[in-house]
Colleague: 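One structure is given below, represented as structure tokens, and several questions about it will come after.
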Amino acid sequence: MIFEEKTISSERIYEGTILNLRKDRVTVCQGESYREIVEHRGGAVIAAVKDDGTMPMVRQYRKAAGRVMLEVPAGKIDPDEKDPEKTALRELKEETGYSAEHITLLTRMYPSVGYSEEILYIYLCTGLTAGETDFDENEAIDIEEYSVDTLYQMVMEGKIEDGKSQTAILMVKGLLSEGKLPVCWKQRAPENRREIEEDA
């Protein structure tokens, strides 16, 4: 039986640059308990697909994981950004150099619903135009491009372990398989080539 917890009191434990941590005292089925909650502004995730059917990816060292990870472009929402779509377009340009003519919200997700308020907005970006990157001062990123099918296989084989990237890649693969990608799509791989009606 579902029990909706009510907050009795809340205490800020830590306040940082990109996240805060608070401790909530809540009602539970058997009385009271505590929940430690990460407060985060959220972020935008970009599934960018070029006309040739490849997706720009970023490879970088992640301290939390202790190793280099392959990911889709993404970034946190800045305090002055009310619309995560603007974050997505900005991060795509900064991290890969690409600008997008078309952008569509695919879904939003809670990456760690058990202890974090963070919401990630996953966007499909198409109609890409190449340009110059604009990395943050402390970013060290390699840009790599793979076909959707290759990335799908890497996810299924456990070679891509970042959750937001897995979600973005699987959603793009699903859209491709269902013939629901935008009309500008020009996938070259014979097994994936589709004619998409304008009213699809």
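When a residue number appears, it is its place in the shown sequence, counting from 1. We use all heavy atoms of the structure for the numbers below, so side chains are in, but hydrogens, waters and symmetry mates are not.
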Colleague: May I ask you to list the residues sharing a hydrophobic cluster with Tyr61, side-chain cutoff 4.5 Å, ordered by chain and number?
Modeller: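 Members besides Tyr61, by chain and number: Val68.
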Colleague: Residues sharing Leu21's hydrophobic cluster, by side-chain heavy-atom contacts under 4.5 Å among ILVMFWY, directly or via others?
Modeller: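 Leu21 clusters with Ile13, Tyr14, Ile18, Leu19, Val38, Tyr115.
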Colleague: Decide yes or no on side chain to side chain contact (heavy atoms under 4.5 Å, CB included) for Lys50 and Thr126, but give the supporting numbers first.
Modeller: CA-CA 6 Å; Lys50 296 174 60 181; Thr126 55; over 6 Å; no
Colleague: Report the C-alpha separation of Thr150 and Ser147 in whole Å, then their side-chain angles, then the decisive distance to 0.1 Å, and conclude whether the side-chain hydrogen bond (donor to acceptor under 3.5 Å, both in side chains) test is met.
Modeller: CA-CA 5 Å; Thr150 297; Ser147 71; 2.8 Å; yes
Colleague: Could you state the interatomic distance from OG (Ser10) to NZ (Lys23), rounded to the nearest 0.5 Å?
Modeller: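 Answer for the OG-NZ pair, Ser10 versus Lys23, is 11.0 Å.
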Colleague: Any chance you could measure Ser116, atom OG, to His40, atom NE2, to the nearest 0.5 Å?
Modeller: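 That separation rounds to 7.0 Å.
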Colleague: Sub-3.5 Å donor-acceptor pair from the side chain of Asp24 to the main-chain atoms of Val26, do we have one?
Modeller: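 Flag not set: sc Asp24 to bb Val26 has no pair under 3.5 Å.
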Colleague: Tell me which pairs pass salt bridge (charged side-chain N to carboxylate O under 4.0 Å, His left out) where either residue lies in residues 26-46, with sequence neighbours left out.
Modeller: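 Every salt bridge (charged side-chain N to carboxylate O under 4.0 Å, His left out) pair that includes a residue of residues 26-46, provided the two are not neighbours, is Glu5-Arg35, Arg12-Glu39, Arg22-Glu39, Arg25-Glu32.
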Colleague: Which heavy atom in Thr27 sits nearest to a heavy atom in Phe3, and how many Å separate them?
Modeller: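 Looking at all heavy atoms of both residues, the shortest contact is O-CE2, 3.4 Å.
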Colleague: Only counting residues at least two apart or in another chain, list the ones meeting side chain to side chain contact (heavy atoms under 4.5 Å, CB included) with Thr107.
Modeller: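 Result, side chain to side chain contact (heavy atoms under 4.5 Å, CB included) vs Thr107: Ile122, Met171.
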Colleague: Using the test side chain to side chain contact (heavy atoms under 4.5 Å, CB included), find all partners of Thr133 that sit at least two apart in sequence or belong to another chain.
Modeller: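 Phe135, Ile143.
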Colleague: Enumerate the salt bridge (charged side-chain N to carboxylate O under 4.0 Å, His left out) contacts for residues 71-80, please, sequence neighbours excluded, ordered by first and then second residue.
Modeller: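 Qualifying pairs, neighbours excluded: Arg62-Glu71, Glu71-Lys164, Asp78-Arg90.
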Colleague: For Lys86, check side chain to side chain contact (heavy atoms under 4.5 Å, CB included) against everything at least two apart and list the hits.
Modeller: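 Partners of Lys86 under the side chain to side chain contact (heavy atoms under 4.5 Å, CB included) test: Asp83.
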Colleague: Between Pro111 and Glu118, is there a side-chain heavy-atom distance shorter than 4.5 Å?
Modeller: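 A side-chain contact exists here, since the closest heavy-atom pair is under 4.5 Å.
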Colleague: Do Val49 and Val155 sit in the same hydrophobic cluster, where Ile, Leu, Val, Met, Phe, Trp and Tyr count as joined when their side-chain heavy atoms come under 4.5 Å apart?
Modeller: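 Val49 and Val155: one cluster.
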Colleague: Tell me whether Ile141 is reachable from Leu128 by hopping between hydrophobic residues (I, L, V, M, F, W, Y) whose side-chain heavy atoms are closer than 4.5 Å.
Modeller: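 In one cluster with Leu128: Ile141, no.
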Colleague: Is Arg59 paired with Glu144 through a side-chain N to carboxylate O contact shorter than 4.0 Å?
Modeller: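 Yes, charged N to carboxylate O under 4.0 Å.
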Colleague: Quick one: which residue pairs count as a salt bridge (charged side-chain N to carboxylate O under 4.0 Å, His left out) with a foot in residues 96-112, not counting sequence neighbours?
Modeller: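 Found none.
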Colleague: If every non-hydrogen atom of Val72 is compared with every non-hydrogen atom of Ile46, which pair is closest and at what distance?
Modeller: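 For Val72 versus Ile46, the nearest heavy atoms are CB-O, 3.4 Å.
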Colleague: Going only through I, L, V, M, F, W and Y residues with side-chain contacts under 4.5 Å, is there a path from Met57 to Tyr98?
Modeller: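 Not linked; separate clusters.
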Colleague: If the condition is side-chain hydrogen bond (donor to acceptor under 3.5 Å, both in side chains), which residues does Thr87 pass it with, not counting sequence neighbours?
Modeller: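 Testing Thr87 for side-chain hydrogen bond (donor to acceptor under 3.5 Å, both in side chains), a comparison that skips the adjacent residues, returns Glu81.
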Colleague: Restricting to non-hydrogen atoms, name the atom on Lys93 and the atom on Ser99 that form the minimum distance, rounded to 0.1 Å.
Modeller: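 Lys93 and Ser99 have their closest heavy atoms at CD-OG, 3.8 Å.
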Colleague: Closest approach of Leu70 and Ser165, non-hydrogen atoms and distance?
Modeller: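 Closest pair (atom of Leu70, atom of Ser165, distance): O-OG, 4.2 Å.
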Colleague: Side chains of Met55 and Tyr146: does their closest heavy-atom pair fall under 4.5 Å?
Modeller: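 Sidechains of Tyr146 and Met55: no contact.
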Colleague: Minimum heavy-atom separation for Asp162 and Met69, please, with both atom names.
Modeller: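 Closest heavy-atom pair between Asp162 and Met69: N-CE, 4.0 Å.
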Colleague: Is it the case that one hydrophobic cluster holds both Leu151 and Leu124, taking links as side-chain heavy atoms less than 4.5 Å apart, direct or via other members?
Modeller: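 Same cluster: Leu151 reaches Leu124 through Ile, Leu, Val, Met, Phe, Trp or Tyr contacts under 4.5 Å.
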Colleague: So, does Gln166 use its side chain to make a donor-acceptor pair with the main chain of Ile160 at under 3.5 Å?
Modeller: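 Indeed, once roles are kept as given, a pair shorter than 3.5 Å links the two residues.
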Colleague: Hydrophobic clusters join Ile, Leu, Val, Met, Phe, Trp and Tyr when side-chain heavy atoms are under 4.5 Å apart, directly or via other members; which others share one with Leu105?
Modeller: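 Grouped by the 4.5 Å side-chain rule, Ile77, Leu89, Ile103, Tyr110, Val113, Ile119, Tyr121, Tyr123 form the rest of the cluster around Leu105.
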Colleague: With sequence neighbours left out, write down each residue that passes salt bridge (Lys or Arg N to Asp or Glu O under 4.0 Å) with Glu4, or none if nothing qualifies.
Modeller: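 Scan of Glu4 (salt bridge (Lys or Arg N to Asp or Glu O under 4.0 Å), adjacent residues dropped) gives Lys6.
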Colleague: Would Val45 and Leu170 show up in the same hydrophobic cluster when neighbours are defined by side-chain heavy atoms closer than 4.5 Å?
Modeller: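 In one cluster with Val45: Leu170, yes.
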Colleague: For the residue pair Val172 and Ala47, what are the closest heavy atoms and their distance?
Modeller: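 In terms of heavy atoms, the two residues are closest at CG2-CB, 3.6 Å.
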Colleague: Suppose we screen for side chain to side chain contact (heavy atoms under 4.5 Å, CB included). Which residues come up paired with Glu157, at least two apart in sequence or across chains?
Modeller: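 Glu157 satisfies side chain to side chain contact (heavy atoms under 4.5 Å, CB included) with Gln153, Lys159 only.
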